[in-house]
Amino acid sequence: MKPALSVAGYVFLLALIGGLVYQNALDGPFVLDDHDSIVGNPAIRRLNSLSAALNPPPAECTFCTRPFINLTICANYAWGALNPRAYHLTNIAFHLAAVLALFGLLGRVFRRLGLADAEAAKWSFLCALIWAVHPLATAAANYPSQRAELAVGLFFFLMLYGLDRAGETRHAPLWLAFSVFACLLGMGSKENMIVAPGLALTYDRLFLSRSWKVLFRRRGLYYAALLATASWPVYRHWLYSPHLQHAGLHADTWWDYLFTQAWGLNRLIRLVIWPHPLVFDYGSVLIRSLAEVWAPALVLLILLAVTGWALFRRPPWGFAGLCFFSFLAPSVFFPAIGQPIAEHRMYAPLAFALVLIVMGLRLLAQSWKWPAAGLPVLLGLAALSLGLTTRYRNTIYRSEAALYTDSIAHWPINARAYYCRGVARVLAGDAAGGLADYSRALEIMPHYVKCRISRAALLAQQQRFEAALADLDRAASMEPTAHVLAFRGHVLSRLKRYPEAADSLEQAVRSDPGEPKAWSALAWLRATAGDEAVRDGTRAVRSAEKAAQLQPGDPAVLDALAAALAEAGRFDEAIATAGLALELARQNKDDALTDQITVRLASFRKGIPWRD
């Protein structure tokens with residue numbers, strides 16, 4: 001078979017096999033970060049402006065530091081709103097494109113290392129195939145919010161491909177421009193692409209240029225352009241970055257984080273070879289002592305030393321090792337305290353590790369004089385096994401409860417997994433199961449404020465207000481935010497402890513004067529409390545007007561304003577405001593609020609203020 005035809009056949013097989021392996025990954029729900037980054041992210045709803053899509057606002061719930069990913073998420077929203085299928089389909093497309101880019105790059109590298117065209121195509125196909133179906137890649141491929149990992153892999157391989165093509169063609173300027181553009185898109189995808197210019201420089205020196213002098217004479221401007229692309233993520237991180245938020249961490253916490261990384265990287269390396277058990281979420285627990293991780297730390301130091309040695313004595317092998325560690329380095333040295341260990345970060349490093357394994361096995365097979373077809377057949381069987389495992393892993397992502405149950409089974413010390421499964425169970429109508437999960441999460445991590453608030457909300461729904469107040473008191477002692485204090489005030493009012501409720505709500509609006517729900521809750525209490533000493537129509541109107549100014553057109557806020565106006569004796573205004581609130585509630589198809597406003601409106605028409 002001619003090499004060109006063989007290459008085309010390999011491309012077809014990679015796309016076909018990759019598509020078949022991930023065909024059952026389209027129907028998973030949004031999970032974990034997706035709820036804030038996609039479902040609750042207003043920045044993805046404005047594809048009409050390319051500039052706006054590429055400049056998401058600086059906030060934790062947006063892709064502020066990953067503008068290109070924000071653009072792709074905006075495109076998904078424009079295509080299918082919040083239907084997860086469109087987001088999963090795009091993720092799979094990114095993964096398949098990255099696999100093909102790796103195949104193309106490796107083919108060129110192997111030919112440079114002396115393999116014949118057909119041999120280069122065969123071994124680049126086998127390396128790309130194992131990566132395409134490896135279960136460890138599912139952590140990125142099945143997780144829409146981690147599309148950045150897929151994009152970095154794709155654009156890094158395209159960047160090196162363009163650089164390699166520029167080394168042997170008269171169209172060098174066009175290929176270099178292509179390479180710079182790929183690097184730019186990678187920089188706009190995730191901050192770990194910051195290592196790409198240095199790796200491109202190393203690749204050039206090892207594979208393309210006879211000396212540093214020749215390298216910079218030929219492509220000095222190209223490397224200046226690559227460095228310039230790094231200004232994009234640097235600027236976006238300067239605006240907002242969860243990593244920079246931790247820049248002032250106590251030295252002990254930094255060391256704890258590094259100890260955790262030593263253990264975590266060893267585990268992730270083992271998963272390359274034996275991908276079981278995979279864990280979607282490892283939680284945020286840090287290892288506190290070097291004594292617990294000295295052996296993993298020693299293993300990492302040995303691997304780094306071998307990589308350094310190989311760069312000088314076996315450059316192709318050393319370069320693959322350098323890429324592996326380089327892409328992991330940003331998450332090691334820039335703490336992601338909320339998720340110190342994450343399998344999705346292995347997406348691009350996994351490719352380099354698998355190339356080392358496959359080509360290492362090739363050398364062993366040659367030295368042991370195996371039949372020519374022996375190792376490819378074994379690798380094909382390995383790909384079949386890995387692919388079936390990946391298809392099974394995809395099914396776990398079809399349900400949030402199932403995904404977190406799997407995480408708990410393999411990592412039972414993770415409070416967040418219990419909390420997230422509890423949320424999923426509550427949404428599915430299993431309040432008892434959700435409450436049990438919240439309680440277990442708090443046993444593991446008593447200072448888990450978000451979980452305390454959620455348990456308090458569930459207890460309040462069950463009319464267990466004393467228990468809910470206990471959780472909110474504990475939450476307020478740790479994080480006295482406006483949300484916690486306002487919720488606490490609501491629960492106190494349901495317990496008829498009106499003066500304490502008023503005090504908690506006053507603290508809430510002082511804590512965050514821009515929080516409309518706190519102002520609205522304070523207005524409602526001042527207007528409707530069963531304690532005459534707490535009611536104050538004038539102050540209630542001022543609070544409700546403040547809430548309406550902060551959140552105009554909200555029917556619940558207008559409902560509170562109507563109650564305040566009635567308490568102040570301004571019944572005509574109360575009736576008009578309640579009527580507007582009723583119309584908006586009907587437009588929003590909020591049947592419960594519609595019924596409540598209807599009853600209160602009838603009371604106002606009789607000249608009777610509302611009492612809670």
Side-chain angles (χ1 to χ4, degrees), residues 50-51 53-56 63-72 94 97-98 100-102 104-109 112 147-239 241 243 311 315 319-320 322-323 325-327 329-330 334 348-349 351-352:
L50 181 62
S51 175
L54 288 173
N55 288 280
F63 295 99
C64 174
T65 59
R66 301 168 186 181
F68 177 75
I69 299 304
N70 191 73
L71 174 63
T72 67
F94 266 91
L100 297 180
L102 176 65
L105 173 65
L106 290 178
R108 299 190 66 81
V109 172
R112 288 190 180 279
R147 183 176 299 168
E149 303 289 353
L150 310 173
V152 165
L154 169 62
F155 295 128
F156 179 73
F157 298 142
L158 290 178
M159 180 197 73
L160 289 187
Y161 183 85
L163 172 60
D164 192 276
R165 290 294 299 266
E168 60 176 36
T169 176
R170 61 180 180 176
H171 300 299
L174 291 178
W175 282 110
L176 291 177
F178 171 83
S179 179
V180 171
F181 185 62
C183 186
L184 178 66
L185 294 181
M187 293 290 185
S189 298
K190 194 178 179 184
E191 53 277 3
N192 60 347
M193 189 71 177
I194 201 82
V195 302
L199 293 175
L201 187 70
T202 307
Y203 180 91
D204 194 343
R205 179 63 184 87
L206 293 179
F207 297 102
L208 306 178
S209 299
R210 297 189 306 273
S211 68
W212 291 107
K213 182 177 179 180
V214 171
L215 182 154
F216 284 111
R217 186 177 71 245
R218 290 178 176 175
R219 287 182 280 275
L221 289 176
Y222 163 75
Y223 288 106
L226 286 187
L227 286 174
T229 64
S231 62
W232 200 9
V234 169
Y235 169 69
R236 299 304 301 183
H237 273 270
W238 185 260
L239 286 178
S241 172
H243 299 298
L311 275 171
F319 179 73
L322 178 65
C323 290
F325 285 110
S326 294
F327 276 103
F334 291 89
F352 304 113

**Q** When Cys183 is tested against each of Leu227, Leu163, Leu160, Thr229 for side chain to side chain contact (heavy atoms under 4.5 Å, CB included), which residue passes?
**A** Thr229
**Q** So does Leu221 have more than 12 non-hydrogen atoms from other groups sitting under 6.0 Å from CG?
**A** no
**Q** In Å, rounded to the nearest 0.5 Å, how long is the span from OG1 of Thr72 to CZ of Phe63?
**A** 7.5 Å
**Q** Sub-3.5 Å donor-acceptor pair from the side chain of Asn70 to the main-chain atoms of Ala53, do we have one?
**A** yes
**Q** Any side-chain heavy atom of Tyr203 sitting closer than 4.5 Å to one from Leu322?
**A** no
**Q** Please report the interatomic distance CD(Glu149) to CG(Leu154), rounded to the nearest 0.5 Å.
**A** 13.0 Å
**Q** Nearest 0.5 Å, what's the CG-OH distance between Asp204 and Tyr222?
**A** 7.5 Å
**Q** Working to the nearest 0.5 Å, report the span between OG of Ser326 and CZ of Phe156.
**A** 8.0 Å
**Q** Could you tell me the separation between the CG atom of Asp164 and the CZ atom of Phe207, rounded to the nearest 0.5 Å?
**A** 9.0 Å
**Q** After noting the C-alpha distance and the side-chain angles of Leu226 and Leu201, does the key distance pass the side chain to side chain contact (heavy atoms under 4.5 Å, CB included) rule?
**A** CA-CA 10 Å; Leu226 286 187; Leu201 187 70; over 6 Å; no
**Q** Just wondering, do Leu184 and Phe155 contact through their side chains at under 4.5 Å, heavy atoms?
**A** no
**Q** I'd like to know whether CZ of Phe181 has more than 12 heavy-atom contacts from other residues, nucleotides or ligands below 6.0 angstrom.
**A** no
**Q** Measure the OG-CZ distance between Ser189 and Arg66 for me, rounded to the nearest 0.5 Å.
**A** 9.5 Å
**Q** Under a 4.5 Å cut-off applied to non-hydrogen side-chain atoms, are Pro67 and Arg236 in contact?
**A** yes
**Q** Looking only at heavy atoms, what is the nearest atom pair of Pro315 and Leu206, with distance?
**A** CB-CD2, 3.7 Å
**Q** For a quick test of reading the model, state the closest non-hydrogen atom pair linking Ala148 to Lys190 and the distance between them.
**A** CB-CB, 3.8 Å
**Q** Quick check: do Glu191 and Thr65 have side-chain heavy atoms less than 4.5 Å from each other?
**A** yes
**Q** Just so I know, are the side chains of Arg112 and Leu208 near enough to count as touching, which here means a heavy-atom distance under 4.5 Å?
**A** yes
**Q** Would you please name every residue forming a side chain to side chain contact (heavy atoms under 4.5 Å, CB included) with Tyr161, sequence neighbours left out?
**A** Arg108, Arg165, Trp175
**Q** Would you say the side chains of Ser209 and Arg218 form a donor-acceptor pair under 3.5 Å?
**A** no
**Q** Is the Phe352 ring parallel, tilted or perpendicular to the Phe327 ring (thresholds 30°, 60°)?
**A** parallel
